[in-house]
Structure formats: C-alpha cells, structure tokens
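Taking it in order: structure first as structure tokens, then the write-up.
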There are 2 protein chains.
Amino acid sequence: MEKTVTPAKTGTPPRADRKAQSWTQDPEGVRRSILDAARLEFVEHGLSGARVDEIAAKTATSKRMIYYYFGDKEGLYRAVIEEMYDRIRRFERGLDLGALPPDEAMAKLAGFTFDYHADNPDFVRMVMIENIHHARHLATSTKIATLNLSIIDVIREIYRRGVAEGLFRPGIEALDIHLTISALSFYNVSNRASIRQVFGHDMGAPDILPQRRQTAIDTVMRMLRA
Amino acid sequence: MEKTVTPAKTGTPPRADRKAQSWTQDPEGVRRSILDAARLEFVEHGLSGARVDEIAAKTATSKRMIYYYFGDKEGLYRAVIEEMYDRIRRFERGLDLGALPPDEAMAKLAGFTFDYHADNPDFVRMVMIENIHHARHLATSTKIATLNLSIIDVIREIYRRGVAEGLFRPGIEALDIHLTISALSFYNVSNRASIRQVFGHDMGAPDILPQRRQTAIDTVMRMLRA
DNA sequence: GATAAATTGTACCAACTGGTTCATTTGGTC
DNA sequence: GACCAAATGAACCAGTTGGTACAATTTATC
C-alpha cells in the first residue's frame with residue numbers, strides 16, 4: 001500500500017505523474033483479498049455492524065474495487081456466505097466413509113463434524129448471523145439452493161447398513177441424526193461466549209474440548225445403538 | 001398516542017395550551033413499554049441493526065424517555081438481555097423435580113427445556129445476538145454474574161440420585177448433561193431458518209416439532225442410562 | 001403550597017456510512 | 001499497436017442515526 005508518488009489533492013485526478021507503480025493484473029487475487037477481508041469483518045460484526053470502509057481498509061485494494069466486483073454490501077455478504085457453504089459442502093463430500101463398518105463410520109462422521117465446527121468458528125458465526133437475518137440471503141442465493149442434502153444421503157446410507165447389521169435400532173430419520181450431530185457440534189462454538197460467562201468454562205479450551213468431543217460422539221452412538 | 005392539541009412548531013415550545021391531556025405517573029409502565037418495544041426491535045435486527053427511532057415509534061412514549069431511563073442504546077440493550085436471563089432463571093428455579101424418580105425427573109427437565117426454547121424464540125435470538133458480540137454485555141452486567149448455576153445444581157442432584165439407584169452410568173459431568181440438553185433444545189430454534197432453507201423442513205412446524213422433541217429427550221436419556 | 005420526580009415534544013446536530021463520480025493508467029492478448 | 005478489461009484513488013454526497021438542547025407541565029408526596 002505504498003505510493004511512490006504523492007497523489008494530487010484536486011477532485012479531478014492529475015493527468016501525468018499519477019503513479020509510476022506497476023501491478024500485476026489479477027482479478028481472482030483481488031476478489032480473494034476482498035472476500036477475506038469481508039469475511040473477517042462480517043464474522044466479527046455481523047451484516048449491519050460491518051463497515052464497508054473497514055473492509056476496504058483490510059483489503060490489499062480499495063473500496064472502489066469492492067463495488068466494482070460485488071455491487072454492494074449485501075452482494076459482498078452473499079458472496080462470503082456462499083463461499084463458506086461451498087467449503088463445508090466440499091468437506092462433506094470429501095468424507096469417504098463407505099468402506100468403514102457402520103458404527104465406525106458414524107462415529108467418524110460425528111467426530112469430523114465436531115472438529116469442523118471447532119476449527120471453523122468463522123463458519124459457525126456466519127451461520128448464526130445468517131439465521132438472525134432469517135436466512136434471507138441463503139434463500140436468494142442461486143448457488144446454494146441446488147446443492148446440499150448430500151450429507152443426508154451419506155447418513156442415510158450408513159444408517160441403513162447399521163440397521164441391516166443389527167447395530168442400530170430402526171425407525172430414525174436421517175435428518176434427525178444429522179441435526180443431533182450438528183447441534184452437539186454447533187452449540188459449543190456458537191454459544192461459547194455466553195457459556196463461559198454464565199458457567200465459567202471455556203468450551204474451546206484445549207483441555208476441555210476433547211472431553212466435550214467425546215461426549216458428543218458417545219451421545220450420537222448411544223442414540224443409534226439397538 | 002392521540003394529542004388533543006396541535007403542538008406548536010417552533011423550536012421553543014409554546015407557553016400555554018401545550019397540552020390539556022392528563023396522564024398517570026407510571027415509571028414502571030413506561031419502562032415496561034420501552035423494554036417491550038426494544039425487545040421486539042433487538043430480537044428482529046440485532047444490536048447494530050436495531051434503530052432507536054424505530055423502538056421509540058413502537059413505544060407508548062417517546063425517544064426522549066428511552067434516554068431518560070436507559071441512558072443510551074447499549075444500556076437499553078443490556079436491560080433487555082438482563083430481563084431475558086432473569087426470566088429463564090425464574091423458570092429454572094420454578095422446576096420442582098425433587099419428588100420424581102431420577103429418570104422421570106431428567107426426562108421432564110429435558111422436555112421443559114426443549115419447550116422453553118421452542119416457545120421463546122425471542123430468548124434464543126437474543127442469546128445468539130449476544131454471542132455474536134462475544135457476550136460482552138453479559139460480562140459487564142452486574143446482575144447476571146451473581147445468579148445462574150442453579151440449573152447445574154438441579155442436574156447434579158438428579159444425576160447423583162440416578163447413579164445411586166443404578167439407573168445412570170457414573171462419570172458424567174453435570175455441565176455436560178446441561179450442555180447436551182441445551183444444544184438439542186437450542187439448535188432447532190436458532191438455526192430454524194437455515195435448516196428450512198437447506199433441508200426444506202421447518203423444525204418449528206407443529207407436525208414436526210413433537211418428533212424432534214421426543215428425539216431430544218430420548219437422546220438425553222440414552223446418554224445417561226447405565 | 002412547596003418540592004421533587006415523571007413526562008412531554010420537537011427541532012436539531014455532528015458523525016457516520018453506503019455508495020458514486022470523475023478522470024486516468026496499466027497489463028495482457030491478438 | 002490496438003483494444004479491452006483490470007485497476008487506481010480520492011473527493012464527495014445524500015441519507016441515516018444515536019443522542020441532545022430547550023422549555024415546560026403535570027403528578028404525587030409531605
């Protein structure tokens with residue numbers, strides 16, 4: 001962000017000597033830089049609390065480019081949301097649990113999900129913020145509507161095998177399993193601050209987290225066991 | 001909100017004929033009215049998204065009185081938060097589970113907690129909002145620090161009895177039990193919008209809620225059973 | 001009747017904020 | 001060398017927003 005030449009101060013920019021600086025053309029890089037800065041700001045302050053000027057300041061580029069690429073504040077917010085959902089979807093797709101016995105597969109899925117949430121508090125906070133806004137942007141996003149649900153299929157298949165092998169009790173909905181895993185993974189992260197405030201325990205602390213993780217996995221397995 | 005006399009339009013208010021209206025002095029009523037309006041607005045738009053003028057409009061009184069009683073926007077927000085925590089604490093204290101056998105007591109507690117969250121989405125949303133702000137206002141509130149924890153004692157006692165009677169397995173922390181119950185109660189409400197958007201199911205719908213409720217209770221009981 | 005607290009209204013302000021305008025240059029590609 | 005997209009930068013603006021100033025009146029209390 002260093003300028004070699006002092007910029008003119010008139011409203012109309014100078015003709016010559018504007019900038020001797022050179023720069024590489026890199027649209028993706030600029031978008032990246034803006035998205036990263038925006039994520040930081042939105043995650044920290046929410047949609048209404050985030051300041052465009054603040055995002056611009058965190059960027060390697062300028063406020064000008066934010067509007068150039070994302071149209072307006074909400075467009076930028078939507079882009080951040082979409083990217084985060086893209087990421088967790090890729091994560092879920094990357095799970096390869098088909099080769100494992102059902103109980104191991106389910107325990108592993110629960111563990112992975114727990115870890116993903118614990119490792120990505122930014123994602124958790126964005127989901128919270130989006131829910132505060134009644135998932136309005138999720139609804140208008142064209143990208144998100146088509147995708148998800150894959151995780152439900154994964155769970156359904158593991159569960160089916162588990163029931164067939166007599167390991168799991170029958171009659172449970174795949175969505176119910178997913179919601180239980182999610183709830184137990186999400187809550188510690190989303191409500192970490194209030195839990196610490198009210199009960200004096202920091203669920204994100206490295207000496208407490210593993211215990212909570214084990215409890216979550218055990219709880220899911222016990223929920224399913226025949 | 002009817003005025004019998006048209007107010008003067010000068011900056012300096014009129015001397016006479018200001019208002020023939022009479023009103024009863026009712027500080028508590030005015031505070032109530034403001035707090036209710038503020039709750040609606042904060043719950044819907046968050047701390048940064050809420051507009052003081054909008055709160056004033058929802059009030060039976062004026063913006064003037066908001067600052068008169070609560071100092072500033074944050075003071076008002078803090079008052080709303082404190083009141084909500086007061087309410088759930090009273091609810092928790094009101095539970096009388098000591099007379100029931102441990103398993104019944106625990107199931108009833110889980111059910112009550114689930115219902116409280118389902119019936120009070122405003123509370124859930126305020127807790128979300130406060131967590132987005134890292135529970136900063138919970139921390140600075142003098143009222144909240146001293147109180148809670150009673151629910152942990154209730155759980156600890158039920159659990160102790162359950163273990164003594166051989167109904168529950170030993171070695172579980174009371175806080176872990178509470179967090180599990182809370183997570184399973186909170187998540188459906190807090191993430192209702194995104195769940196509906198992504199999976200197409202409205203967890204608050206009257207034909208789905210009871211099933212989710214039962215799953216939550218079952219899950220807690222299975223977590224504990226010896 | 002005096003005193004203090006509760007209440008009323010509204011115009012107003014300074015700071016902030018999302019978003020735009022203007023004019024221009026540079027890099028890559030064919 | 002031409003051409004277009006990428007990139008630059010800072011001033012500026014109109015609308016919003018939390019909060020206040022000012023001046024007065026009414027109600028309850030003793």
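Since the structure is predicted, the reported quantities are computational estimates derived from the model, not experimental observations. Only heavy atoms go into these numbers, but all of them, side chains included; no hydrogens, no water, no symmetry mates. Chain A is the first sequence line, chain B the second, and so forth, proteins listed ahead of strands; every chain is numbered from 1.
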Take atom CD of E54(A) and atom C1' of dA15(C), then tell me their distance rounded to the nearest Å. 16 Å
Spacing between Y68(B) atom OH and dT10(C) atom C1', to the nearest angstrom: 18 Å
Please report, rounded to the nearest Å, how far the P atom of dG18(C) is from the CG atom of L76(A). 11 Å
Of all the choices, dA7(D), dC22(C), dA23(D), which nucleotide is nearest to the side chain of R64(A) once you look at every atom? dC22(C)
Y77(A): partners by ring-ring contact (aromatic ring centres under 6.0 Å, His included), with sequence neighbours left out: F42(A), H137(A)
For T180(A), side-chain hydrogen bond (donor to acceptor under 3.5 Å, both in side chains) partners two or more places apart: R212(B)
Rounding to a whole Å, what distance do you find between M65(A):CE and dA5(D):P? 13 Å
Decide yes or no, distance alone: a donor-acceptor N/O pair under 3.5 angstrom between the base of dG9(D) and the side-chain of K63(A). no
Rounded to whole Å, how long is the line connecting atom OH of Y67(B) with atom P of dA21(D)? 13 Å
Could you list the residues that satisfy side-chain hydrogen bond (donor to acceptor under 3.5 Å, both in side chains) with D115(B), not counting sequence neighbours? R213(B)
Distance col, row S150(B):OG vs L95(B):CG, nearest 0.5 angstrom, shows 9.0 Å
Between dT8(D) atom C1' and I34(A) atom CD1, what is the distance in whole Å? 13 Å
Can you list the residues that meet the ring-ring contact (aromatic ring centres under 6.0 Å, His included) rule with F91(B), with sequence neighbours excluded? Y116(B)
Would you mind reading off the distance between E74(A) atom CD and dT17(C) atom P, rounded to a whole angstrom? 17 Å
Is any side-chain N or O of T61(B) closer than 4.0 Å to OP1 or OP2 of dT7(C)? no
Would you list the protein and nucleotides 14-17 of chain D atom pairs, both N or O, that sit under 3.5 Å from each other?
from, atom 1, to, atom 2, distance (Å)
dT17(D), OP1, R51(B), NE, 2.5

Under 3.5 Å, is there a donor on one side chain and an acceptor on the other for H133(B) and E44(A)? no
Just call it for Y69(A): base, sugar-phosphate, or nothing, with non-hydrogen atoms closer than 4.0 Å on any strand. sugar-phosphate
Phosphate OP1/OP2 of dA7(D) contacted by S62(A) side-chain N/O (<4.0 Å): no
Set of ring-ring contact (aromatic ring centres under 6.0 Å, His included) partners for F186(A), sequence neighbours left out: H117(A), Y187(B)
Between atom OH in Y77(A) and atom P in dG18(C), what is the gap in whole Å? 15 Å
